[in-house]
Each structure stands twice: as C-alpha cells, then as structure tokens.
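Written out below as structure tokens is the structure these notes cover.
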Amino acid sequence: MTSLNLKSFNTLSVEAVADQVEIVASEDDIIKLAQDHGSTRLLVLGEGSNVLLAPAVHRVVCLMRSRGIAVDEIGSRIKVTVSAGENWHQLVMWTLERGYYGLENLALIPGSAGAAPVQNIGAYGVELADVLSHVDVVDLERGGCETFTNAQCGFGYRDSLFKRTPGRYAITQVTLDLSKEPGVVAAYPDLQEEFEREGVIAPTPEQVAAAVTRVRQTKLPDPTLTPNAGSFFKNPVVTAHQAARLQQSFAQLKVYPTEAGVKLSAAQLIDWAGWKERNSHGVRVWPRQPLVLVNELGSSGADILQFAAAIQSDIADRYGVRLEIEPDVIGFS
Ligand SMILES: Cc1cc2nc3c(=O)[nH]c(=O)nc-3n(C[C@H](O)[C@H](O)[C@H](O)COP(=O)(O)OP(=O)(O)OC[C@H]3O[C@@H](n4cnc5c(N)ncnc54)[C@H](O)[C@@H]3O)c2cc1C
C-alpha cells in the first residue's frame, strides 16, 4: 500500500498521513518488512487505541492483522495462544463462552491482543501480567524470533520491556494461562457497588465481565462515538514523604500505597484543578473520567498534545506532581 491517512486507524481520530501502510498477516510478513525497510523505519500498530499520532508519520506502518487462536488443555489449566491481530475484547468473550477463566476483569478494553503486553493492560484489579504465560516476538533489530516468559517481559504498572524499547520487537503471539476453575477478583470498589446494588453475593466470572462492561460503559466514552485513547495520563507515583506533605494541604487526597511508592489519582488532581470546565477546539477532559481526553471536533495530534501539556504544567505548579502521558506519542520531533 502507498501513503494513507490513518484517521480511521486511531481512536483519537486524528489526521495522520503515513509514508506507507502494510498489512501484516503472519510472522513472515513482519520479518520481510524489517529486512526490506530496516527496523527504524517500521511502526507496528494494532488498533490504534493507545497512540497519539503527529499529522505526518514518516514511517512504514505495519498493521498487525494476523488471526488465530489455539488451545492447549493441561488438567484444569488452559493455555490459550492468540495471534497479535485478534481483537482483545472478542478474545475475552471467546474464553468466557468456553469456561476458560481469568480475563473477565479485562473485558471491553479496546485494542488488539498483540498490544496487550506492551503496556501490561489492566483494569478492575487485574492486569495482563497476572494471566500471561509467554509472548512470541520478532526482534526487528536483530532479525529472528524469540519467546519471552512472563518474568522476561519486565512488567510494571502500564509498563513492560516492550514499552521501554519502542520499535525493537513485534509481538506475534500471546499465550495466556487460564483456568477452568473460576477464581473471581471482585474487590474493586466499582464492582462491589454493582454487586451490592444487584444483591449478588458470590459473583461468577460471567457476572464480573458483565459488571465490568456496565461500569466501563457508564464511565468511559465510546471511542467510535467520541474519539479518545482511554486514560491520557498515568496515575503518578510519589514518595511516601511527598504524599504525606500533599495530604497536609489537601486532606481529601486519595492515596494508594504500592511497592513502587504511593500512587495518587491523576483524575482527582485534574478535577480539583478545574479542567472539567475547560476545552480547546473540542479537546477536553471527559467529565465522568477526567483522566480521559476526548477529541470532539477533529483537532490534530499537535492540538491534543498542547492541551495535555497545559494540564501537565498546571498540575506540576499546583501539586508539584508530574503527570506522564500514557499513550505512545508518535511522529513528533
Ligand atoms: C476507551 C478506552 C479505554 C481504555 N481502557 C484501558 C484500560 O482499562 N486499561 C488499559 O490498560 N488500557 C486501556 N486503554 C488503552 C488501550 O486499549 C490498550 O493500550 C490496548 O492494549 C492498545 O491496543 P491497540 O491494538 O489499539 O494498540 P495500538 O494503539 O495500536 O498500539 C499501542 C502501542 O503498542 C505498540 N504495538 C501495538 N501492537 C503491537 C505488537 N503486536 N507488537 C509490538 N508492539 C505493538 C504500538 O507500536 C504502540 O506503541 C483504553 C483505550 C480506550 C480508547
């Protein structure tokens, strides 16, 4: 394929003309593209739900569209190997229909299976790292295929080896370690509220997936109607000392102690700073979830980046906290 506008290939719906676009349907396809163009020219893209693209993307965009799911049953454990181009939510529903449990809390997350390890997708108390066995990749720099175990993926909060080495690897297959025995994770407050309202005491995995879907549909904008890339900022992690100092000034500050430090709610800080009332050319924060930026009037990637920078600078001034952008920002110099 020659140059193409990626507007309908990114959920923020920004205009972004790529030098060249190629469909990748197999491991051989991506190996050949790396040989023909060199790894630095390639941009591997799934469904474009976690990227912010510049108006011109001077790269060979490789749309990962390989399909296929294979199952290996070992007693009550199920290994599900899925090709990179499969849709994540459809995979979650496919596993649930067969009684393979573990993915229910990750229902309705947009995007492809191949991108799921990149930022270690997570929601409602579960992240991919909890259920991932291993990942098959093509090393675009060195050529050749490799397998990374869960530990070798270097997972963290919205982070992985793949996120830290952009452009190095194309993930071709993801293998999940699921179970036939339901092990429900339902402690997350939003889910608890749902189950209390419905009088459900011991939810099944199917009920968890349904509750997650309802909560997400209530809180998050549907990208097919209101362009967005999900959370635009990561929740900041600060030292215990910094969190305690902030709490002295802001008693209502939400704090979540983690192994890496104290996690704050970026949504709360953005809300307190008054950003729900502001917008620029149709770019604004989503009132029901201020972590999400929406692009209602077709603004450019540059406009969105400018709006995000204004939020970052305001939050840094008010709270001394640096907000990090979550989606991959691509093509800006
Ligand atoms: C409404 C909405 C809600 C969301 N909610 C959540 C949520 O709850 N939790 C969460 O974690 N995320 C969430 N996201 C973010 C997004 O859904 C995930 O990050 C998803 O995994 C991105 O998949 P994708 O195929 O669209 O990736 P893309 O946006 O196409 O790519 C994202 C990054 O991964 C790289 N990449 C893509 N495919 C591959 C591959 N096969 N091999 C190597 N690198 C690859 C790309 O180069 C890019 O750097 C949300 C997004 C939206 C729009």
Side-chain angles (χ1 to χ4, degrees), residues 6 9-14 16 24-25 27 29-30 34 39 42-53 57 59-66 82-92 105-129 135-140 146 148 153 155-174 188 190 212-213 215-217 219-235 286 288-289 291-295 325-331:
L6 297 169
F9 294 92
N10 73 94
T11 61
L12 270 166
S13 203
V14 299
V24 174
E27 203 172 73
D29 286 352
I30 190 76
S39 64
L42 302 190
L43 170 62
V44 173
L45 210 58
E47 297 184 19
S49 65
N50 206 29
V51 287
L52 177 68
L53 300 173
V57 177
R59 307 273 280 279
V60 177
V61 173
C62 306
L63 296 175
M64 301 301 278
R65 295 294 181 265
S66 55
V82 54
S83 295
E86 292 287 343
N87 174 267
W88 177 261
H89 175 67
Q90 283 169 15
L91 171 72
V92 173
N105 296 56
L106 305 177
L108 218 64
I109 296 182
S112 60
V118 176
Q119 70 152 357
N120 182 22
I121 57 167
Y124 302 98
V126 173
E127 51 184 22
L128 186 78
V135 164
D136 296 316
V137 304
V138 170
D139 185 333
L140 299 171
E146 270 187 70
F148 289 107
C153 291
F155 287 126
Y157 163 63
R158 299 294 181 274
D159 194 31
S160 74
L161 165 75
F162 313 111
K163 184 110 180 172
R164 294 190 293 273
T165 54
R168 170 83 191 260
Y169 301 103
I171 296 168
T172 52
Q173 291 194 135
V174 173
Y188 205 86
D190 284 349
V212 165
T213 302
V215 172
R216 292 184 72 96
Q217 284 170 337
K219 287 203 160 169
L220 296 171
D222 176 350
T224 63
L225 304 173
T226 311
N228 75 91
S231 301
F232 203 86
F233 301 103
K234 291 185 183 182
N235 285 318
W286 188 245
R288 270 169 276 159
Q289 174 45 283
L291 262 189
V292 176
L293 298 192
V294 298
N295 181 25
I325 291 178
E326 185 186 295
D328 284 338
V329 177
I330 294 169

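As the structure lists them, so they are numbered: ligands from 1, and atoms in each ligand from 1.
- At the top of the distance list for atom 47 (O) of ligand 1, counting protein heavy atoms only, stands V44 O, 2.5 Å.
- Using a 4.5 Å cut-off on side-chain heavy atoms (C-beta onward), V174 and P117 make contact.
- In this structure, F162 has no heavy atom closer than 4.0 Å to ligand 1.
- With a 4.0 Å heavy-atom cut-off, ligand 1 is reached by the backbone of L45 and by its side chain too.
- Within the 4.0 Å heavy-atom criterion, both parts of I121, backbone and side chain, lie near ligand 1.
- A distance-only check finds no donor-acceptor pair linking the side chain of D136 to the backbone of Q173 [under 3.5 Å].
- At a 4.0 Å heavy-atom cut-off, ligand 1 does not touch P327 at all.
- Nearest protein heavy-atom neighbour of atom 44 (N) of ligand 1: V118 CG2, 3.6 Å.
- The shortest contact between atom 20 (C) of ligand 1 and any protein heavy atom is with P110 O, 3.4 Å.
- Checked by distance only, ligand 1 and E47 come closer than 3.5 Å through their nitrogen or oxygen atoms.
- Contacts between N120 and ligand 1 below 4.0 angstrom, taking non-hydrogen atoms only, are absent altogether.
- Shown in contact with D328 at under 4.0 Å from a heavy atom are these atoms of ligand 1, numbered in order with element: 33 (C), 48 (C), 49 (O).
- Remark: side-chain polar atoms of S160 are paired, donor with acceptor, to backbone N or O of F162 under 3.5 angstrom.
- To the nearest 0.5 angstrom, R59 atom CZ is 10.0 Å from L53 atom CG.
- With sequence neighbours excluded, the residues forming a ring pair (Phe, Tyr, Trp, His ring centres under 6.0 Å) with Y188 are Y124, listed by chain and number.
- The N/O atoms of G46, backbone and side chain alike, include one that comes under 3.5 Å of an N/O atom in ligand 1.
- Annotation: side chain of E47 is not in contact with side chain of T11 (no heavy-atom distance under 4.5 Å).
- The nearest heavy-atom contact from the protein to atom 31 (O) of ligand 1 is V51 CG1, 3.9 Å.
- The option with the heavy atom closest to atom 16 (C) of ligand 1, from among P223, S49, P227, is S49.
- Under 4.0 Å from ligand 1, not a single heavy atom of W88 appears.
- Per-residue contacts place A170 under 4.0 angstrom from the following atoms of ligand 1 (heavy atoms of the residue considered): 42 (N), 43 (C).
- Heavy atoms of A123 found under 4.0 angstrom from ligand 1 belong exclusively to the side chain.
- For T165, the side chain to side chain contact (heavy atoms under 4.5 Å, CB included) test picks out L161, R168, Y169, with sequence neighbours left out.
- With values rounded to the nearest 0.5 angstrom, F232 atom CZ is found 11.5 Å from L291 atom CG.
- Assignment of E127 to the shell around ligand 1 is not supported, since no heavy atom sits closer than 4.0 Å.
- Looking at R216, H89, R158 and measuring to atom 8 (O) of ligand 1, the nearest heavy atom belongs to R216.
- Within the set T224, L291, I109, the minimum heavy-atom distance to atom 13 (C) of ligand 1 is found for I109.
- Residues L108 and V212 have side chains not in contact (no heavy-atom distance under 4.5 Å, counting atoms from C-beta outward).
- For atom 7 (C) of ligand 1, the closest non-hydrogen atom on the protein side is G122 O, 3.6 Å.
- The shortest N or O to N or O distance between E326 and ligand 1 is not below 3.5 Å.
- The protein atom (non-hydrogen) at minimum distance from atom 10 (C) of ligand 1 is Q119 NE2, 3.5 Å.
- The nearest protein atom to atom 1 (C) of ligand 1, hydrogens excluded, is given as N228 OD1, 3.3 Å; this is a heavy-atom distance.
- Which parts of ligand 1 touch A229 is read off a 4.0 Å heavy-atom cut-off, strictly below it: atoms 51 (C), 52 (C), 53 (C).
- Distance alone, capped at 3.5 Å, places no donor-acceptor pair between the W88 side chain and the A115 backbone.
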